[in-house]
Amino acid sequence: MHYRAILFSLILLCYCVIFVVNVTLILTIIFDENLHEPMYIFLCSLCINGLYGTAGFYPKFLLDLLSHSQVISYTGCLLQSFVIHSFSGSELSILALMAYDRYIAICRPLVYHSVMTKQAISLLVFFSWLLPLSCMFMNTMSIIQYKLCGSYIQKLYCSNWSIGKLACSTFIANIIIVYFNIVFYFCHFVFIVWTYMYLIRTCLISKENRGKFMQTCVPHLISLISFTFVVLLDLMYMRFGSRDIAQSLLNFISIESLLLPSIMNPLIYGLKLTKVRNRILGFIRDKR
C-alpha cells in the first residue's frame, strides 16, 4: 500500500502539471489579442484536447490507486474508451491543421490572409473536433452490442481493442468502421508528410523562410514525432501483449501515450514561440 501512495502522489503531480501548463497556455492565447492568429488558435485547441484526453484517464486511475479493487462499469469503460480514442483522433486532426497553416504561411504567403479567414479557422477547428468525435462514436456504437466472455482488461484504461478482446464474437460493421478510421487517419498522416515536403523545399531556397520554419515548424515537428512515438508504443502493446513484455513496461506505455503529448505540447510551444514566451514571462514579472 505504501508504494501506491507514492505512485498516487507522482501521478497526481503529473496531472496537476499537465493541467497548469495547458490552462496557462490556453488563457494566455484567449486573453492576449495579439495571439488571436490561426497558429495560436490551433495551439489553443491542441491544449484543450490535451486536457480532454487526460480527463478521461487520470481521475479514474487516481481513484484506482486508492482502492483495493480496480473495477469499472461497462458503460464507464465504453465512455473512457471513447474519450481516449477521440482525443488521439483530434490530436492528429489538429496537427494536420497546423501543418496546413504553416504550408500556407510559408509556401503561399500572398494568399495566407485570404485563405485563413476567421470563418475558415472556425470551420477548420470545428471539424477537427467533429470528425474524430463522430468516427469514434460510430466505433463505440458498433461495439456496444458485443456480448462479453470476460471481464479482465490488462491495460490501465479501457480501449476498443481491449473490449474487443473480451467479446465472444465480432461484427462485420465494427471491422468496417475500424478499417475506415485507419484509412481516414492514415490520410491525415500522408497530408502532413506532403505539406512538409513542400515546406522543406521552399525553405531550402529562402533564408527568411528557413527562419520561419525553425521558429514555428520545429515545435510542430516535435509534437508530431512525440505523438507518433506514443502511438507506435501503443501499437506495439496491441501487437505483442503481456506475453512477451513485462507488465510494468506495458503500464508505462499506457501512461506515456497520454502523458507525453499533453505535457510536451504546451511546454515546447510555450518555450519556442517568442510571442507566447514573452507574454507568459511578462505576466510573471508583472505579478512580482
Side-chain angles (χ1 to χ4, degrees), residues 22 25-26 28-29 32 34-50 87-132 182-232 260-279:
N22 279 280
L25 206 57
I26 292 168
T28 300
I29 294 170
D32 190 343
N34 295 322
L35 298 178
H36 291 181
E37 300 175 9
M39 180 176 63
Y40 301 110
I41 293 172
F42 296 147
L43 174 58
C44 183
S45 183
L46 194 69
C47 292
I48 292 172
N49 186 57
F87 152 75
S88 298
S90 296
E91 188 87 1
L92 188 55
S93 293
I94 297 167
L95 288 172
L97 285 184
M98 298 175 82
Y100 175 69
D101 173 70
R102 292 300 85 202
Y103 163 74
I104 298 294
I106 295 175
C107 300
R108 303 180 62 191
L110 296 179
V111 300
Y112 181 76
H113 292 291
S114 61
V115 173
M116 303 302 288
T117 62
K118 288 183 178 180
Q119 183 179 8
I121 295 167
S122 300
L123 286 173
L124 288 171
V125 171
F126 175 73
F127 282 108
S128 72
W129 282 86
L130 178 65
L131 292 178
I182 291 172
V183 172
F184 180 68
Y185 286 107
F186 180 74
C187 290
H188 281 58
F189 184 76
V190 171
F191 174 76
I192 293 173
V193 173
W194 176 81
T195 59
Y196 268 97
M197 286 174 60
Y198 277 89
L199 281 166
I200 293 172
R201 189 178 69 176
T202 302
C203 292
L204 287 176
I205 58 177
S206 172
K207 186 175 181 180
E208 180 183 354
N209 286 333
R210 281 199 294 271
K212 290 181 181 179
F213 184 90
M214 294 301 296
Q215 179 68 23
T216 60
C217 294
V218 169
H220 179 265
L221 269 177
I222 295 173
S223 296
L224 180 64
I225 291 170
S226 65
F227 177 73
T228 304
F229 173 72
V230 297
V231 168
L232 289 176
L260 197 61
S262 300
I263 199 168
M264 281 189 66
N265 290 337
L267 289 178
I268 291 169
Y269 279 98
L271 293 173
K272 183 63 177 175
L273 297 181
T274 305
K275 284 187 177 181
V276 175
R277 184 177 66 248
N278 290 344
R279 185 67 186 88

Can you sort out the partners of S93 under side chain to side chain donor-acceptor pair (under 3.5 Å), two or more places apart, ordered by chain and number?
H188
Value rounded to 0.5 Å, distance of OG in S128 from CG in L92
11.0 Å
Of all residues at least two apart in sequence or in a different chain, which pass the side chain to side chain contact (heavy atoms under 4.5 Å, CB included) check with T117?
Q119, A120
V193: side chain to side chain contact (heavy atoms under 4.5 Å, CB included) partners, not counting sequence neighbours
F189, M197
Under the side chain to side chain donor-acceptor pair (under 3.5 Å) rule, collect the residues that match up with S45, sequence neighbours excluded.
W129
For residues 96-116, which side-chain donor-acceptor pairs fall under 3.5 Å, sequence neighbours excluded?
unit_1	atom_1	unit_2	atom_2	d
D101	OD1	Y112	OH	2.6
R102	NH1	T216	OG1	3.3
S114	OG	V111	O	2.8

Distance-only criterion, 3.5 Å: show the donor-acceptor pairs between side-chain atoms of residues 218-225 and protein atoms not counting sequence neighbours.
unit_1	atom_1	unit_2	atom_2	d
H220	ND1	Y196	OH	2.6
H220	NE2	L95	O	2.7
S223	OG	P219	O	3.1
S223	OG	N265	OD1	2.8

Distance check, rounded to the nearest 0.5 Å: L123 atom CG versus L130 atom CG?
11.0 Å
Working to the nearest 0.5 Å, report the span between CD1 of I29 and CG of N34.
12.5 Å
Which residue pairs pass the salt bridge (Lys or Arg N to Asp or Glu O under 4.0 Å) test with at least one member in residues 35-48, sequence neighbours excluded?
E37-K275
Between atom CG of L46 and atom OH of Y40, what is the distance when rounded to the nearest 0.5 Å?
14.5 Å
How far does CD1 of I268 sit from CG of L25, to the nearest 0.5 angstrom?
11.5 Å
Could you tell me which residues satisfy side chain to side chain contact (heavy atoms under 4.5 Å, CB included) with T28, sequence neighbours excluded, listed by chain and number?
T24, L35, R279, I280
Taking atom CZ of F227 and atom OG of S262, what is their separation to the nearest 0.5 Å?
10.0 Å
Across all chains, not counting sequence neighbours, the side chain to side chain contact (heavy atoms under 4.5 Å, CB included) partners of L260 are S226, F229, V230, E256, M264
Would you say CZ of F127 has more than 12 non-hydrogen atoms from neighbouring residues, nucleotides or ligands within 6.0 angstrom?
no
